[in-house]
Amino acid sequence: IAQSYGYTAEVTLVSQFGEDQLPMPATVKGTSMVPTLQDGQDIIVLKTDQFQVNDLVVAVHPDYGLIVKRVAEIDGDQVYLKSDNRETEIVGTESRVVNGVEEVVTIEKTPLDAWLPKENVVGVVKVY
């Protein structure tokens, strides 16, 4: 706005994390980070690209959108993110025909662990 009127404006943001540190509120959805984080729990994320192994981070996953996971490994420009909840959950069954034979298959929900580019990490979870 200032530029459109021929002015220059300098803005300094001050938050509980310091100068020019932008916190972002978020709410956990799901149980993949139990027992550390609970479904429906509010968290504060510090938008930063400075993170290390064992940090909790929010990242953009190509299939699932925003996810919260623990940094398990960093390799060059890739980061391996892991769920704290290692339990496999049975979510139902499904009938399938395989080679002409009908089978009942158990459908399991397994922990989401993924290698993602570092640039997909939005920030570090600071308050939970």
Side-chain angles (χ1 to χ4, degrees):
I1 294 172
Q3 186 178 19
S4 65
Y5 289 100
Y7 294 101
T8 316
E10 186 174 314
V11 177
T12 300
L13 181 80
V14 179
S15 75
Q16 68 269 42
F17 301 112
E19 194 170 292
D20 293 329
Q21 299 296 308
L22 184 59
M24 178 180 81
T27 301
V28 175
K29 183 177 179 185
T31 58
S32 71
M33 292 305 291
V34 168
T36 310
L37 302 174
Q38 304 298 317
D39 184 31
Q41 182 175 348
D42 292 328
I43 59 175
I44 300 291
V45 180
L46 178 59
K47 293 179 83 173
T48 181
D49 59 1
Q50 301 299 308
F51 54 87
Q52 57 191 4
V53 170
N54 213 34
D55 281 346
L56 294 178
V57 297
V58 170
V60 178
H61 188 281
D63 297 326
Y64 301 104
L66 287 178
I67 59 172
V68 59
K69 299 292 173 203
R70 187 172 302 280
V71 176
E73 189 176 337
I74 300 171
D75 186 8
D77 64 348
Q78 297 285 305
V79 58
Y80 187 62
L81 303 179
K82 265 181 103 166
S83 298
D84 279 1
N85 185 351
R86 305 310 301 163
E87 298 295 319
T88 299
E89 178 184 341
I90 296 174
V91 294
T93 58
E94 180 179 284
S95 293
R96 296 182 185 163
V97 177
V98 179
N99 296 328
V101 178
E102 186 173 348
E103 298 178 345
V104 176
V105 179
T106 301
I107 302 170
E108 295 180 336
K109 182 178 174 184
T110 58
L112 174 65
D113 301 340
W115 280 101
L116 294 174
K118 278 183 172 180
E119 65 191 30
N120 285 36
V121 174
V122 174
V124 177
V125 177
K126 288 297 197 178
V127 177
Y128 57 94

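All values below were derived from every heavy atom in this structure, side-chain atoms included, with hydrogens, water molecules and symmetry-related copies excluded.
- Just one residue in the list Leu116, Leu46, Val71 forms a side-chain contact (heavy atoms from CB on, under 4.5 Å) with Val57, and that residue is Val71.
- Considering every non-hydrogen atom in both Thr88 and Pro111, the closest pair reads OG1-CD, 4.4 Å.
- Without hydrogens or angle criteria, Thr48 side chain to Gln50 main chain gives a donor-acceptor distance under 3.5 Å.
- Annotation: ring pair (Phe, Tyr, Trp, His ring centres under 6.0 Å) contacts involving residues 26-58, sequence neighbours excluded, are absent.
- Thr8 pairs by the side-chain contact (heavy atoms from CB on, under 4.5 Å) definition with nothing, not counting sequence neighbours.
- Ile107 CD1 to Thr93 OG1: the interatomic distance, rounded to the nearest 0.5 Å, is 6.5 Å.
- Listed by chain and number, the residues in a salt bridge (Lys or Arg N to Asp or Glu O under 4.0 Å) with Glu102 amount to none (sequence neighbours excluded).
- Under the 3.5 Å distance criterion, the side-chain polar atoms of Arg96 are left unmatched by any main-chain donor or acceptor of Glu103.
- Residue pairs meeting the salt bridge (Lys or Arg N to Asp or Glu O under 4.0 Å) criterion with at least one partner in residues 113-128, sequence neighbours excluded, are Arg86-Asp113.
- Listed by chain and residue number, nothing satisfies the ring-ring contact (aromatic ring centres under 6.0 Å, His included) test with Tyr128 (two or more places apart in sequence, or in another chain).
- Residues Ile67 and Met24 are members of separate hydrophobic clusters, defined by side-chain heavy-atom contacts under 4.5 angstrom among Ile, Leu, Val, Met, Phe, Trp and Tyr.
- When the shell of 6.0 Å around CD of Gln3 is examined, it contains 12 or fewer heavy atoms from other residues, nucleotides or ligands.
- Under the rule for a side-chain contact (heavy atoms from CB on, under 4.5 Å), Val11 has no partner lying at least two apart in sequence or in another chain.
- Residue pairs meeting the salt bridge (Lys or Arg N to Asp or Glu O under 4.0 Å) criterion with at least one member in residues 46-56: none, sequence neighbours excluded.
- With contacts defined as side-chain heavy-atom distances shorter than 4.5 Å, the pair Asp77/Pro117 does not qualify.
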Side-chain atoms of residues 29-38: list all donor-acceptor pairs with protein atoms under 3.5 Å, sequence neighbours left out, distances to 0.1 Å.
unit_1 : atom_1 : unit_2 : atom_2 : d
Ser32  : OG     : Lys69  : NZ     : 2.7
Thr36  : OG1    : Asp84  : OD2    : 2.5
Gln38  : NE2    : Pro35  : O      : 3.2

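- Note that CG of Leu66 and NE2 of His61 are 12.0 Å apart. Values are rounded to the nearest 0.5 Å.
- Put simply, the side chain of Val124 does not reach to within 4.5 Å of the side chain of Leu56, judged on heavy atoms.
- When hydrophobic clusters are built by joining Ile, Leu, Val, Met, Phe, Trp and Tyr residues whose side-chain heavy atoms come closer than 4.5 Å, directly or via intermediates, Leu81 is grouped together with Val53.
- Among pairs with a residue in residues 88-108, none fulfils ring pair (Phe, Tyr, Trp, His ring centres under 6.0 Å), at least two apart in sequence or across chains.
- With sequence neighbours left out, the side-chain contact (heavy atoms from CB on, under 4.5 Å) criterion links Val127 to Phe17, Ile44.
- Scored by the side-chain contact (heavy atoms from CB on, under 4.5 Å) test, Thr27 finds Asp42 as partners (sequence neighbours excluded).
- Listed by first and then second residue, the ring pair (Phe, Tyr, Trp, His ring centres under 6.0 Å) pairs that reach into residues 71-124 are Tyr80-Trp115, sequence neighbours excluded.
- The shortest heavy-atom contact between Gly123 and Val45 is C-CG1, 3.6 Å.
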